[in-house]
Amino acid sequence: MESQKVMGVPGETNDGLIIMEAKPQGSASLAAIVSAFVPTWATGLLFVAIFILIRHWYPKIYAPRTFMGSIPEKDRTPSAGQSYFNWLHTMRKVPDKFILYHQSLDAYLYLRFLRTIIFICFVGCCLTWPILMPVNATGGGSSTELDKIGIGNVRKKGHFYAHAIIAWVFFGFVMFTIARERLWLIGLRQAWTLSKPVARRLSSRTVLFLSAPRDVLDKDNMHRFFGDDAVRIWPVAKTEALTSLVSARKTKIEQLEAAEMSLIRKANKEGRRRAEKVQLQDGDLNYEVLPDPVKKSLRPRHKPDASLLFSLKKKVDSIKWLREKIKEEEAKIEDARRQYEIGDTKGAAAVFVEFKTCAEAQRACQQVASRNLLALGPRYINVSPQEVIWKNLTIAPARRLSQEGTALGLVIATIVFWSIPSGLIGLISNISYLANNIEWLGFLKNLPAPVIGLLSGLIPPLATSYLSKLVPNIFRYIFKSFGCPTNTATELKVQKWYYVFQVTQVFLVTAVFSGAAAVGPELMKRVKDPISVPELLARQLPKASNFYLTYFIVQGTTSAADNLLNYSDLLSYLFYDYFFDKTPRQKFNRYTSMKGIAWGKLFPKFANFAIIAIAYSCIAPLVLGFAFIGLSLYYFSYRYNLLFVIQPKIDTKGQAYSLALQHLLTGIYIAELSLLGLFGLRKATGPSILAAVLFLVTVLYNALMNKYLAPLEHFLPADLAALSERDEESAPLLSAEEGRAETSHIRRLSEQAHVPQSVVQRVLEPMARFFEPQVFASYQAMRSWLQEGDEYDNEEDIPEYTEEQLQKAYLNPALTSPTPLIWLAQDQMEVGKHEVAENEEQGLKATDQGAWLDEKGRVKWSIEDFGEVPIWKQGLKY
């Protein structure tokens with residue numbers, strides 16, 4: 001919202017800086033805000049209306065968590081019915097804590113993160129609006145419209161003390177909130193990890209060691225390397241050829257199913273045609289009554305070498321050929337498994353090690369296991385078999401280092417060169433200035449005002465949002481291709497670097513270019529005087545607040561409503577289900593595949609929202625209000641999705657939330673540096689000193705918090721784990737409940753002052769919980785908080801494993817996976833039954849149970865009862 005010069009009178013010079021005019025084009029105006037507001041709100045309301053109308057027609061897309069058979073009944077979201085607005089009742093009655101018990105820790109923490117930054121924005125509005133807006137409005141400048149309540153309207157030096165003091169108060173509050181949440185997370189993670197259903201999972205007591213030397217892979221050396229508490233090991237060596245065979249077998253099974261289902265549909269269509277001619281009853285239809293030439297003409301055929309465009313080979317019977325190829329693949333797989341042995345790996349191996357208890361696994365993960373610099377590292381705990389990227393476990397240490405460096409270089413290059421499209425978007429947001437100062441763009445001045453408003457107010461935020469969506473997928477592909485061992489490790493790396501991208505490209509670069517359209521001539525003059533460039537940027541960058549006001553409008557309305565409507569998933573499901581999914585397996589996989597959520601994409605996106613709001617809090621306070629509204633709408637949409645739609649596939653055990661909290665400090669640093677530059681431009685000595693001291697305090701705070709909290713965020717204290725293993729929780733719980741009243745200063749003071757109990761419960765109790773995390777965020781307190789729900793420590797959730805399951809748990813699936821069952825559909829002419837029998841004769845397991853062909857030739861399967869689906873089995877939590 002900065003349009004007013006920050007120093008001097010128009011036309012004057014001060015220390016060699018040429019002062020710009022008071023009201024440059026492209027500053028914040030109500031016209032640009034309204035231009036973005038009207039179409040986005042109209043679009044958002046339209047999306048919500050469509051969502052309400054079609055929601056009950058497509059429960060697979062909009063409410064799978066209420067009925068899907070793949071979700072245990074106890075974990076399904078309660079639903080009041082299929083009316084248009086019953087979901088609002090569910091959202092009002094079901095608390096966020098339900099998501100913690102029935103989904104994952106990360107899902108709950110994501111909603112808590114949104115609530116935290118919404119709370120920060122709300123408190124920021126309460127602090128800055130009543131104080132800074134009047135101070136800015138009476139600052140002696142000549143700005144108009146929204147610029148009048150920005151810091152650019154302040155010409156009186158004394159007014160800047162208000163900004164400096166509010167910065168101390170608000171930024172201090174933000175730092176306390178971050179520290180409080182990190183302490184709260186540590187207590188929650190400890191209580192959650194040590195609960196019986198989690199602590200007794202196999203993954204909780206298993207550690208993955210990469211770069212394992214050959215001797216470590218021998219079972220006889222297990223105790224030598226990992227101590228007497230090691231129970232079993234699962235060595236991982238290279239199996240590229242075997243993995244390729246297993247993959248080829250799976251592909252051919254799917255091709256065989258498609259070919260046989262094609263035969264079934266054609267035969268039934270031909271049977272119905274013949275029955276209509278001779279007026280046969282449905283019961284008289286049978287595949288066997290068809291003449292042999294007709295049967296042969298119905299069978300699918302293909303050329304075996306499809307890679308040759310002009311292949312001279314004759315077409316073969318696809319079904320018979322695929323059966324033969326599957327049997328050949330099976331023989332090769334069995335032969336490869338018999339011959340499989342671990343040779344000289346040269347460090348290109350890994351090992352999973354199970355320990356007796358969770359405490360011993362934690363100790364093993366934290367200690368140095370080998371004197372070899374590159375051996376048995378890095379290490380990972382709480383890794384489930386489903387999240388392992390097996391091909392990346394068998395990379396030699398030196399090659400792993402080089403690949404990590406290559407991946408890092410590619411990611412940095414992507415961030416750097418993304419400045420080109422981001423800069424162009426930033427220039428578009430200042431289109432009025434470009435039209436007035438660049439000759440060949442002068443025709444833009446002839447455009448109608450609403451069009452100018454759309455180009456500068458709506459198009460840039462939409463373009464920025466679209467481009468940003470591509471980046472996490474690029475980063476994820478890079479990290480997976482260059483050696484990340486697990487999906488969780490990949491997602492955390494994506495989060496770290498997407499945060500860098502968001503801050504640099506979506507915020508800083510866009511802001512620089514948005515202001516650079518007006519600052520360009522000044523920058524050219526200051527090339528010989530680089531010391532003045534930071535001051536010049538500090539004076540001009542606040543103009544980009546125009547862009548971020550509209551950015552929050554677009555994101556908070558259209559994008560949040562799009563999250564509810566989710567039209568892309570709906571259209572994709574309908575398209576593939578109708579045109580491409582022709583086998584029972586394809587139908588089943590499409591139907592049961594639930595929408596996931598990418599923590600590495602979402603946490604940085606909304607952390608950057610908060611960073612922008614914090615950075616502008618003292619410069620353009622209005623941004624905080626727009627951020628508050630936008631984030632609130634997002635919270636509503638994601639809460640709906642996590643209750644009704646989303647099934648998270650990656651669980652970082654709270655690490656993503658911890659990273660996101662730390663990232664928020666970037667907003668404080670940017671805000672403090674901006675204030676330093678602005679105060680320096682105005683020669684406001686007192687406020688400059690206050691801002692400089694605040695910056696140093698922030699650096700010290702950041703260093704101390706990371707030093708003392710980081711170890712507890714990454715590892716579980718071994719003594720605490722041992723205490724839990726000995727089942728001695730009852731005594732600490734009792735002492736915690738007694739000690740909380742004694743150690744809570746707010747409670748003690750309220751008792752001494754005889755404050756009414758209603759005031760204590762409604763006001764003082766929430767204050768105590770917020771301002772005394774050392775009391776209310778301890779392990780004992782968080783365990784007590786978790787036990788307030790009936791779902792916590794449920795004996796039914798404690799996993800039990802058979803010996804066979806334990807032996808195969810962390811073996812490469814290429815070594816253990818059986819030949820998939822061939823699943824066909826029943827039909828009136830019993831073609832499926834005939835094909836099942838032929839497959840069984842060839843030694844291939846097949847069935848037509850749980851699927852059938854309807855009268856129109858469409859494949860149906862037992863949606864209501866997953867127990868009849870032969871390829872489905874309840875997943876086991878490792």
Side-chain angles (χ1 to χ4, degrees), residues 47 50-51 53-71 247-266 268-269 300 302 306 318 322 386 466 469-470 472-473 476-477 487 562-598 601 641 644-650 820-827 832 847-866 868-873 875:
F47 281 7
I50 296 173
F51 160 76
L53 289 174
I54 69 174
R55 178 184 179 274
H56 66 284
W57 294 348
Y58 301 102
K60 152 68 180 106
I61 300 297
Y62 296 114
R65 292 198 61 85
T66 62
F67 69 91
M68 187 67 70
S70 57
I71 299 176
S247 178
R249 180 185 65 184
K250 179 183 177 182
T251 300
K252 286 183 172 58
I253 288 288
E254 293 174 351
Q255 290 174 345
L256 177 59
E257 289 178 343
E260 291 186 297
M261 285 305 303
S262 175
L263 171 63
I264 292 172
R265 280 191 296 272
K266 289 179 180 179
N268 276 267
K269 183 177 181 180
H302 76 286
S318 299
L322 285 168
Q386 294 83 2
Y466 176 76
K469 289 180 181 179
L470 303 176
N473 296 330
R476 194 174 292 111
Y477 174 79
N487 289 322
D562 180 45
N563 278 348
L564 287 177
L565 181 57
N566 197 16
Y567 63 86
S568 59
D569 282 3
L570 173 62
L571 296 177
S572 174
Y573 170 73
L574 294 176
F575 178 77
Y576 283 99
D577 183 68
Y578 187 81
F579 290 105
F580 287 93
D581 298 338
K582 300 300 182 182
T583 70
R585 188 186 304 273
Q586 291 171 342
K587 295 281 187 181
F588 172 81
N589 289 340
R590 184 78 57 192
Y591 189 83
T592 57
S593 176
M594 295 179 62
K595 184 178 181 179
I597 190 166
K601 173 184 177 181
N641 276 282
F644 289 97
V645 180
I646 290 174
Q647 179 67 24
K649 298 175 176 60
I650 294 176
L821 176 71
I822 299 171
W823 187 22
L824 304 177
Q826 301 173 7
D827 62 290
T847 183
D848 61 357
Q849 176 189 348
W852 60 92
L853 214 64
D854 67 6
E855 63 279 0
K856 295 183 178 180
R858 297 173 301 191
V859 176
K860 302 293 182 180
W861 60 278
S862 182
I863 293 177
E864 302 297 331
D865 185 6
F866 276 32
E868 296 182 3
V869 178
I871 65 171
W872 179 81
K873 60 181 179 179

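Within 6.0 Å of atom NZ in Lys269, 12 or fewer heavy atoms from other residues, nucleotides or ligands are found, so the atom counts as exposed in its surroundings.
The OG atom of Ser70 sits 15.0 Å away from the NZ atom of Lys873 when rounded to the nearest 0.5 Å. Between the CD1 atom of Ile50 and the CG atom of Leu570 there is a distance of 10.5 Å, given to the nearest 0.5 Å. In this structure, CG on Asp848 lies 4.5 Å from CD on Gln826, to the nearest 0.5 angstrom. Atom CD of Glu254 and atom CD1 of Ile822 lie 11.5 Å apart (nearest 0.5 Å). Trp872 CH2 to Asp865 CG: the interatomic distance, rounded to the nearest 0.5 Å, is 9.0 Å. Separating the CZ atom in Arg249 from the CG atom in Leu256 is a distance of 13.5 Å, to the nearest 0.5 Å.
With a 4.5 Å cut-off on side-chain heavy atoms, Gln849 and Ser862 do not count as touching. Here the side chains of Pro64 and Lys595 are not in contact, with every heavy-atom distance at 4.5 Å or above. Side chains of Thr251 and Gln255 form a contact here, defined as non-hydrogen atoms less than 4.5 Å apart. Residues Tyr591 and Lys60 have side chains in contact (heavy-atom distance under 4.5 Å, counting atoms from C-beta outward). The side-chain heavy atoms of Tyr58 and Leu574, taken from C-beta on, include a pair separated by under 4.5 Å. Between Ile54 and Leu565 the shortest side-chain heavy-atom distance falls below 4.5 Å.
Remark: of the listed residues Phe51, Phe67, Tyr567, Phe51 is the sole one forming a ring pair (Phe, Tyr, Trp, His ring centres under 6.0 Å) with Tyr62.
Using modelled atom types, one side-chain atom of Arg265 and one backbone atom of Lys582 make a donor-acceptor pair closer than 3.5 Å. No donor-acceptor pair closer than 3.5 Å links the side chain of Asn641 to the backbone N or O of Val645. In this structure a side-chain-to-backbone donor-acceptor pair under 3.5 Å is present from Lys649 to Met594. A donor-acceptor pair under 3.5 Å is absent between the side-chain atoms of Ser572 and the main chain of Ser568, judged by distance alone.
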**OP:** Please step through side chain to side chain contact (heavy atoms under 4.5 Å, CB included) for the pair Leu853 and Val859, ending with a clear verdict.
**Re:** CA-CA 5 Å; Leu853 214 64; Val859 176; 3.8 Å; yes
What verdict does the side chain to side chain contact (heavy atoms under 4.5 Å, CB included) test give for Phe866 and Thr592, after you've listed the backbone C-alpha separation in whole Å, the side-chain angles of each residue and the deciding distance to 0.1 Å? CA-CA 10 Å; Phe866 276 32; Thr592 57; 3.6 Å; yes
message = Determine whether Asp562 and Phe47 satisfy the following criterion, side chain to side chain contact (heavy atoms under 4.5 Å, CB included), listing intermediate values before the conclusion.
response = CA-CA 7 Å; Asp562 180 45; Phe47 281 7; 4.2 Å; yes
Tell me, with the steps shown, if Trp823 and Thr847 meet side chain to side chain contact (heavy atoms under 4.5 Å, CB included). CA-CA 5 Å; Trp823 187 22; Thr847 183; 4.1 Å; yes
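Scanning all heavy atoms of the two residues, the minimum distance from Ala259 to Pro300 falls at O-CG, 3.6 Å. Lys469 approaches Asn473 most closely through the heavy-atom pair O-ND2, 3.9 Å. Closest of all the heavy-atom pairs between Ile646 and Arg65 is O-CD, 3.2 Å. Listed here is the closest heavy atom pair of Met261 and Leu824: SD-CA, 4.2 Å.
For an aromatic pair to be called close, the ring centres must be under 6.0 Å apart, and Phe575 with Phe579 satisfies this.
Sorted by first then second residue, the salt bridge (charged side-chain N to carboxylate O under 4.0 Å, His left out) pairs that include residues 567-579, not counting sequence neighbours, are Asp577-Lys587.
Judged by the 6.0 Å distance and 45° axis criteria, Arg55 is positioned over the aromatic ring of Phe644.
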